[in-house]
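All of these numbers come straight from a predicted model, not from anything done at the bench. Atoms considered below: every heavy atom in the structure, side chains included; atoms not considered: hydrogens, waters and symmetry mates.
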Amino acid sequence: MIRARVIVASNRAAAGVYEDTSGPLLVAGLRDLGCEVDAAPVVVPDGPPVAEALRAAVADRVDVVLTSGGTGVTPTDRTPEATRPLLDFEVPGIAEAIRAYSRDKVPAAALSRGLAGVAGRTLIVNLPGSSGGARDGLAVLGPILAHTVEQLRGGDHKLHG
């Protein structure tokens, strides 16, 4: 069973100004992919609280953490900066694939600075804060998530052919 957690980086949602919609969508999508997910997303302001929530997920030995929000170019978008120092290594192909998948539908997807990488044995993927960005991220991750987690757990590559 893949254990997953969703962290929403949103100053306004954390302050109660509005209800986040991307987090619940990601929780449902991860469950549809067969993951065991906490009942509700963790909603925090962008910046250092994101790093704290990520550290907690890694300490809890969660297999996959998806963040939503804070990946753009506004002055308050700080999720990549909160994520990068925690990573042992990046997996740039995942972030590139998510941007490429979205770019034709939403040209501004090219502005996403989201990262993907591994901290310990936890895969962390930064997604945009929109419901469309969440759906696109799940579409890209769906076919590779189980294999990625298997690899992080020390599994060997399957022979194809």
Side-chain angles (χ1 to χ4, degrees), residues 1-11 20 22-23 25-27 29-31 33-38 41-103 106 108-130 132-158:
M1 174 67 67
I2 296 173
R3 293 182 55 230
R5 186 169 296 167
V6 174
I7 299 170
V8 175
S10 171
N11 296 330
D20 167 68
S22 64
L25 194 152
L26 289 170
V27 168
L30 285 165
R31 286 187 180 142
L33 293 173
C35 298
E36 176 186 305
V37 191
D38 298 334
V42 176
V43 181
V44 296
D46 206 350
V50 174
E52 292 168 22
L54 288 170
R55 275 195 290 277
V58 172
D60 290 344
R61 297 176 188 244
V62 173
D63 296 304
V64 177
V65 179
L66 301 184
T67 68
S68 173
T71 64
V73 296
T74 73
T76 59
D77 287 330
R78 307 306 300 160
T79 297
E81 289 74 20
T83 303
R84 184 172 276 117
L86 305 177
L87 299 178
D88 295 316
F89 57 91
E90 290 188 35
V91 185
I94 294 174
E96 292 164 6
I98 292 167
R99 282 187 281 274
Y101 185 90
S102 303
R103 193 177 45 235
V106 181
L111 298 176
S112 174
R113 300 179 306 112
L115 303 174
V118 175
R121 291 189 181 227
T122 301
L123 174 67
I124 299 172
V125 180
N126 300 151
L127 298 173
S130 66
R135 282 188 203 92
D136 289 353
L138 289 167
V140 170
L141 290 168
I144 63 170
L145 196 59
H147 179 71
T148 305
V149 170
E150 181 181 319
Q151 293 291 293
L152 290 173
R153 290 177 177 169
D156 200 0
H157 291 282
K158 302 263 190 285

*Asks:* When rounded to the nearest 0.5 angstrom, what distance separates OG1 in T67 from CG in L115?
*Replies:*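 If we round to the nearest 0.5 Å, T67:OG1 and L115:CG are 8.5 Å apart.
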*Asks:* Between the side chain of R31 and the main-chain N/O of V37, is any donor-acceptor distance below 3.5 Å?
*Replies:*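 Side chain of R31 to backbone of V37, a donor-acceptor pair under 3.5 Å: yes, one is there.
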*Asks:* Just wondering, do T122 and V64 contact through their side chains at under 4.5 Å, heavy atoms?
*Replies:*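 Sidechains of T122 and V64: no contact.
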*Asks:* Would you please test V65 and V125 for side-chain contact (heavy atoms from CB on, under 4.5 Å) and show each step?
*Replies:* CA-CA 6 Å; V65 179; V125 180; over 6 Å; no
*Asks:* Shortest non-hydrogen contact from D38 to V27?
*Replies:*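 What the structure gives for the nearest pair is O-CG1, 3.9 Å.
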*Asks:* About how many Å separate CD1 of I144 and NE2 of H147, when rounded to the nearest 0.5 Å?
*Replies:*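 So the NE2 of H147 and the CD1 of I144 are separated by 9.0 Å.
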*Asks:* Search all heavy atoms of R113 against all heavy atoms of P80 and return the closest pair with its distance.
*Replies:*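 What the structure gives for the nearest pair is O-CG, 3.4 Å.
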*Asks:* Work out which heavy atom in V42 is nearest to a heavy atom in A53; give both atom names and the distance.
*Replies:*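 Minimum heavy-atom contact is CG1-CB, 4.3 Å.
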*Asks:* Once you round to the nearest 0.5 Å, how far does CZ of R5 lie from CG of L26?
*Replies:*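 Answer for the CZ-CG pair, R5 versus L26, is 14.5 Å.
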*Asks:* For the side-chain contact (heavy atoms from CB on, under 4.5 Å) test, which of S102, S130, P128, S112 pairs with D136?
*Replies:*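 For D136, the side-chain contact (heavy atoms from CB on, under 4.5 Å) check succeeds only for S102.
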*Asks:* Distance-only, no hydrogens or angles: does the D88 side chain make a donor-acceptor pair with backbone N or O of G120 under 3.5 Å?
*Replies:*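 Yes; judged by distance alone, with no hydrogens or angles, the pair exists.
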*Asks:* Taking all atoms of both residues into account, what is the closest heavy-atom pair of T79 and D46, and its distance?
*Replies:*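 Between these two residues, the closest heavy atoms are OG1-OD1, 2.9 Å.
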*Asks:* Run the side-chain contact (heavy atoms from CB on, under 4.5 Å) test on V118 and I124 for me, step by step, so that the C-alpha distance in whole Å, both residues' side-chain angles and the decisive distance to 0.1 Å come before the verdict.
*Replies:* CA-CA 6 Å; V118 175; I124 299 172; over 6 Å; no
*Asks:* Rounded to the nearest 0.5 Å, how far does CG of L66 lie from CG of L138?
*Replies:*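 With rounding to 0.5 Å, CG (L138) is 6.5 Å from CG (L66).
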*Asks:* Give a yes or no answer on whether the side chain of D77 reaches the backbone of G72 with a donor-acceptor pair at less than 3.5 Å.
*Replies:*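 At least one qualifying donor-acceptor pair exists.
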*Asks:* Which heavy atom in L127 sits nearest to a heavy atom in T71, and how many Å separate them?
*Replies:*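 In this case the closest contact between L127 and T71 is O-CG2, 3.6 Å.
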*Asks:* Measuring from atom CZ of R78 to atom OG1 of T83, what distance do you get when rounded to the nearest 0.5 angstrom?
*Replies:*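 Nearest 0.5 Å value for the CZ-OG1 distance: 11.0 Å.
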*Asks:* Can you tell me if S68 uses its side chain to pair, donor with acceptor, with the backbone of V8 under 3.5 Å?
*Replies:*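 Side chain of S68 to backbone of V8: no pair is present.
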*Asks:* Is there side-chain contact between L86 and V58, with heavy atoms separated by less than 4.5 Å?
*Replies:*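 L86 vs V58: side chains apart.
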*Asks:* First locate atom CG of L123, then atom CG of L145, and finally report the distance between them rounded to the nearest 0.5 Å.
*Replies:*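 Here the rounded value is 7.0 Å.
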*Asks:* Would a distance-only check, ignoring hydrogens and angles, find a side-chain to backbone donor-acceptor pair under 3.5 Å from R153 to R121?
*Replies:*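 No, the answer is negative, given that no donor and acceptor are paired below the 3.5 Å cut-off.
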*Asks:* Write down the atom of V50, the atom of P45, and the distance for their closest heavy-atom approach.
*Replies:*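 That closest heavy-atom pairing would be CG2-O, 3.7 Å.
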*Asks:* Determine yes or no for a side-chain-to-main-chain donor-acceptor pair under 3.5 angstrom, with R3 supplying the side chain and D60 the backbone.
*Replies:*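 Side chain of R3 to backbone of D60: a pair is present.
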